[in-house]
Amino acid sequence: MAGHGHVGKTDVAALERFLADSATAAPSQYAFVRRGKVMCFYADSGVALEVGARCFPDREFSVIDIQARKVVLPH
């Protein structure tokens with residue numbers, strides 16, 4: 001998972017741009033971001049992390065808590 005360093009920061013910045021450009025509020029608490037592109041939103045971070053791990057074995061994704069603007073790390 002891309003929760004560390006440059007990739008995580010890039011994904012948080014992409015989410016902030018997406019939200020600033022959007023006319024509506026985020027539909028859920030967690031955003032799934034891959035390589036600087038907001039892909040979808042989840043209500044549960046655990047589900048988002050699991051789906052990301054299954055779909056992207058390279059782990060090049062971030063799950064971001066929208067309110068905190070921080071990458072969620074797996075437990």
Side-chain angles (χ1 to χ4, degrees):
M1 190 185 89
H4 299 55
H6 179 70
V7 174
K9 290 178 185 176
T10 299
D11 287 347
V12 170
L15 174 62
E16 289 175 345
R17 280 190 308 276
F18 177 87
L19 294 174
D21 293 343
S22 178
T24 61
S28 292
Q29 184 172 345
Y30 300 97
F32 186 93
V33 184
R34 177 169 164 83
R35 297 182 178 165
K37 182 179 178 187
V38 177
M39 305 286 287
C40 56
F41 295 89
Y42 287 89
D44 184 304
S45 63
V47 171
L49 290 166
E50 183 177 332
V51 169
R54 287 184 186 176
C55 294
F56 302 106
D58 62 4
R59 306 280 196 231
E60 290 287 326
F61 67 89
S62 298
V63 175
I64 302 170
D65 182 320
I66 293 170
Q67 282 188 324
R69 300 287 202 273
K70 292 186 179 181
V71 174
V72 175
L73 299 176
H75 295 106

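Residues forming a side chain to side chain contact (heavy atoms under 4.5 Å, CB included) with Cys40 (at least two apart in sequence, or on another chain): Phe32, Tyr42. Contacts of Ala53 classified as side chain to side chain contact (heavy atoms under 4.5 Å, CB included), with partners at least two apart in sequence or in another chain: Arg59. Evaluation of the salt bridge (charged side-chain N to carboxylate O under 4.0 Å, His left out) rule for Arg69 yields Glu16 as partners, not counting sequence neighbours. Residues forming a side chain to side chain contact (heavy atoms under 4.5 Å, CB included) with Ala68 (at least two apart in sequence, or on another chain): Asp65, Lys70. With sequence neighbours excluded, the residues that form a side chain to side chain contact (heavy atoms under 4.5 Å, CB included) with Asp44 are Val47.
Nearest heavy atoms, Ala31 versus Leu15: CB-CD1, 3.7 Å. Of all heavy-atom pairs spanning Asp11 and Ser62, the tightest one is OD2-OG, 2.7 Å. For the residue pair Ala14 and Gly36, the shortest heavy atom distance occurs at CB-O, 3.1 Å. Between Ile66 and Ala26, the closest heavy-atom pair is CD1-CB, 3.4 Å.
You'll find the side chain of Leu49 reaches within 4.5 Å of the side chain of Phe61, heavy atoms only.
Judged as a salt bridge (charged side-chain N to carboxylate O under 4.0 Å, His left out), the pairs with a partner in residues 25-39 (not counting sequence neighbours) are, in order, Arg34-Asp58, Arg35-Asp58.
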